[in-house]
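Proteins come first, then strands; the chains are lettered A, B, ... in the order of their sequence lines, and each starts at number 1.
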Amino acid sequence: MADMLKLFVNGEEVEVESGKNLIDAIGAVGIEIPHLCYHPALGADGNCRMCLVGIEDGRPPLVPACKTPAMEGMRVQLDTEKIKKIQRDVMELELINHPVDCPICDQAGECKLQDYYMEHDLQESRMRVAQVKKSKNLDFGCGVVHDQERCVLCGRCVRFTRQITGTGELGIVNRTDTARVNIFPGRPLNNRYALNVVDLCPVGAMTSRDFRFSQRVWFLKKDEGICHGCAKGCNIHIDHNREKYKDDVIYRYRARHNDLVNGYFICDEGRMSYKSENENRLTEATVKGDLVAVSEAVHTIRQELSEAKKPLILVSPNSSLEQQWAVKRLATLSGVECFGYSDAYIKEGDGDDYLIRDDKSANRKGLELIEIETSKQRFEEALAECDLLVNFDNDLFRFDANEEMKAVVAGKKVIAISTHANYLTDNGTVVLPVASYSEYGGCVVNEDGILQAFSPVVRKNEELIDVLEVTRMLGGDVSDSGQAWSGIRSAVPELAEVQPDLIPAEGLQLSVSEEAHVSA
Amino acid sequence: MEVKILSEKFEIENANLLKVAKEHGAYSTLDKLFSMEPVDVTEEVKKAGLRGRGGAGFPAGVKWGFLPKDTGKPTYLAVNSDESEPATFKDRYILVRDPHMLIEGIIICCWAIGCHDVYIYIRGEYTTQVKVLQAAIDEAYAAGYLGEKVAGQDFRIDVTVHRGAGAYVCGEETALLESIEGKKGQPRSKPPFPAVEGLYGCPTIINNVQTIASLPFIMTNGAEAYSVYGTEKSAGTHLFGISGHVEKPGMYELPLGLPLLEVLEKVAGGVWKGRKLKGVIPGGSSTPVLTAEEAKTVTLDYESMAEHGTMFGSGGIVVLDETVDVVKLVQNLIHFYHHESCGQCTPCREGLGWMKKIIGKLLEGEGTMADIELLRELCDNIEMKTVCVLSAACTMPVRSYLDKFRHEFEAYAKDRVNSAPANVELQRN
Ligand code: SF4
Ligand code: SF4
Ligand code: SF4
Ligand code: FES
């Protein structure tokens, strides 16, 4: 636990963490100091001047809170008329050249300028001279659209490309009120994290071409999730909306702060992976190409399983621990071999030293922990011998065409239990659509051994069945995640102590020493 | 009234050349310098009471004392020759007429603060000055006053001339450092201060050209010989650039503490064409204006200026005669500071532009009394809320004009209530 210190805010004593600046230290106990340019991941720059506070100790009358470390006994003034006036004054200056047309701004509803105006300003405009004209709709590359007239020149986006990606595509050109954020001519944003500038921008100046104007943000339900785009398991906000009579649709993913996993950011590919939750989904069960009810499809699978001489079960490295466990139990009870072979999820060399991993599955570690066989050789041997392949959502040929294996599969009877259409569903005797990760809850373990829990977020009008439920209907003995966990706990020593409900928000580091484990 | 300490060689032909400069005593103080301990040099400078001549007037020796000890990092000296304050033109005399005095001063300072790498940051527009200075530096290298063994001592000094690209704000200490580092010239938010974390993250002293050029005299003649000039708290002499509506504008070296009016009369020949004095800008455009009445009692030193609610500044005195249209002057002033704002912090970036438009509106006959109020209020709202003092360099003088010459602004306001005094004609353009 960090050292604590006591200081006074508006005369009231509060206990805050030491080693932080005033914005973070006091913010952690629920007292907000307005700020635009400071961001914990980017450090203090001191340019917006929204965070000026008074300190009663003889230092200069005003200090920027973002650059002032919290100190024992410090007396911080936030609510004096003088400080409130400064906040109003800075807000006024912030707004004079800003279009006051929130209703048509993409950021309305989650704009810091809007919030601060309501909290700290609420004055009528005194601007009776022409505003500074700026450009609109500039294509900065990577799907980022810049609207200069809304920019408050906080420099967060610029610092992001300098400090985080090290690519430095953005800069602030010119001085005085002709200063603008811009790219070098012909050198647009070109990095795999570029869309984070949209999250970072406190106003509507950086927008995502993909999302802008597709939804008013106050209609969105903003839930928490875990990106399944790769083995990093970045924490995300899943913003979705179920309009009347329509289905629940995900409109965007945004980075969710987690110091243990991804800090404040996510990669662009992960961010855009929300699309696959909406598109290309399997929705209808079929048997030999004919539409059937789910119950009938399950019935057929049961039959096929019992009739097959040598069936083989395959499970996805993207499935939750609970699902993997349930599939394994089903396999054990049915005396069928269970595989998690999924080399096709690995994009060799695609990862970087930041967030992106080569492995594009969210829970390969789960397969290891639960001890499901993943070796290629063993899988190929078993595949060659089997007469029925029952696949639980493993996209067997995802990034890897593997024609040889395809040929082998083509000669087998295939049962495809899947979220999305793919080669196996195209060739399946029975095809059963199932819920995808935004629609169910569970746990995944990322490449670094951090166990994270997530809850169901999206509820479709026509809800799809969960893999775990499918195993139960096929004669498995896991009826819910509670039951899955009692099985997992007794079988997996690393997980013996885990109570899924008590997994901390930032996740649980599994693969470190006992001591660190306890303190996590 | 004039004295010749810094300007001793200004009238000597070719004193910028090493040979001539040496004939007149340049570099004669180095033996003494290297026989002294660096701390004693600093002490001598403190005793002399030399205050920074860049405008703020902070005691030079005290500033040197802020350098942290034993950081294991190099210490840098940055000589500020970014002389861009409107009405200020003193340093260029030193650069062109006696550059070796500056180089000698640099050697003295380097010895005192233990510095081996010096950057002279020079205003981009000063093309002649750069050429002459660089030639003098080259001569000093060739003669062994700079380089590996300064004056035969085991002490290295390298001097680099760094030309600015024409930004007033680069005269601000930290913007100057950013510019030397090759970045966009904009001030750093402090702390840390340059003495602790300056150029390339190392301890750095930044002194004005005139400050450094004052050192050879102090070393040669001792602190007392220097402090006989000036007042108790404002010791020594200063190069005053007097311009505007006077008979004999020019650059004059004077001891500090002389009465302003007397100087204007006796040195600069009085207000030109026999006109009446309206006001005086005492130390460059950023210093609040003095009315003719105030000018009667003020003396040319830091204390008296402060007592009169203004600042000594850079010694760039501008005389305003009775014909000056203060509103146009203010427009010019705001225009300049707005143009030079680096644009990083909100109040300065947005606020000065707003002020500029309001004054423009007033001059176009479209302004109202409320606009004047707003302009006045904006001065308060912007000042001291910013990263550097550039914004205050605009708002402080503007406020002084608004307060002291209010009726002239009101004369332009379209809803004024007979506020125009008879002697001010309504001028519109
Ligand atoms: S675009 Fe947004 S993040 Fe970038 S400087 Fe402008 S307001 Fe800040
Ligand atoms: S780095 Fe991986 S987990 Fe993180 S957002 Fe990207 S794809 Fe998702
Ligand atoms: S006050 Fe003006 S010049 Fe100084 S840092 Fe701010 S914007 Fe730049
Ligand atoms: S947050 Fe401190 S100045 Fe912007």
Exercise. For the atom pair CG (A:Asp177) and CH2 (B:Trp354), what is the distance rounded to the nearest 0.5 Å?
Worked result: 13.0 Å

Problem set entry | Choice from B:Met384, B:Lys361, B:His338, B:Glu366 maximising heavy atom contacts with chain A below 4.5 Å | B:His338

Exercise. With a cut-off of 6.0 Å (strictly less than), are more than 12 heavy atoms of other residues, nucleotides or ligands near NE2 of B:His339?
Worked result: no

Exercise. Residue by residue, which of residues 119-129 of chain A have a heavy atom closer than 4.5 Å to a heavy atom belonging to chain B?
Worked result: A:Arg126, A:Met127, A:Arg128, A:Val129

Exercise. Is any side-chain heavy atom of A:Arg175 less than 4.5 Å from a side-chain heavy atom of B:Tyr168?
Worked result: no

Problem set entry | Worked check of side chain to side chain contact (heavy atoms under 4.5 Å, CB included) between B:Ile382 and A:Leu93 | CA-CA 9 Å; B:Ile382 292 165; A:Leu93 292 167; 4.1 Å; yes

Exercise. So does A:Lys134 have more than 12 non-hydrogen atoms from other groups sitting under 6.0 Å from NZ?
Worked result: yes

For this session: Select one option (side chain, backbone, both, neither) describing which atoms of A:Ala130 are under 4.5 Å from chain B's heavy atoms.
Result: backbone

For this session: Check whether B:Ala167 gets within reach of chain A through its side chain, its backbone, both or neither, counting any heavy atom under 4.5 Å.
Result: both

Exercise. Between the side chain of B:Lys385 and the main-chain N/O of A:Arg49, is any donor-acceptor distance below 3.5 Å?
Worked result: no

Problem set entry | OG1-CG distance between B:Thr386 and A:Leu62, expressed to the nearest 0.5 angstrom | 10.5 Å

Exercise. Does a sphere of radius 6.0 Å around NZ in B:Lys183 hold more than 12 heavy atoms from other residues, nucleotides or ligands, not counting ones at 6.0 Å or beyond?
Worked result: yes

For this session: Can you tell which part of A:Leu52 gets under 4.5 Å to a heavy atom of chain B, answering side chain, backbone, both or neither?
Result: side chain

Exercise. A:Gln131 versus chain B, heavy atoms under 4.5 Å apart: side chain, backbone, both or neither?
Worked result: backbone

For this session: Decide if atom CZ of B:Arg406 counts as having more than 12 heavy atoms of other residues, nucleotides or ligands within a radius under 6.0 Å.
Result: yes

Exercise. Chain B contacts: which residues in residues 81-91 of chain A have a non-hydrogen atom closer than 4.5 Å to it?
Worked result: A:Lys85, A:Ile86, A:Asp89, A:Val90

Exercise. Do any of residues 184-200 of chain B have a heavy atom less than 4.5 Å from a heavy atom of chain A, and if so, which, in residue order?
Worked result: B:Lys184, B:Ser189, B:Pro191

Exercise. What residues of residues 340-350 of chain B sit under 4.5 Å from chain A when you count only heavy atoms?
Worked result: B:Glu340, B:Ser341, B:Cys342, B:Gly343, B:Gln344, B:Cys345, B:Thr346, B:Pro347, B:Arg349, B:Glu350

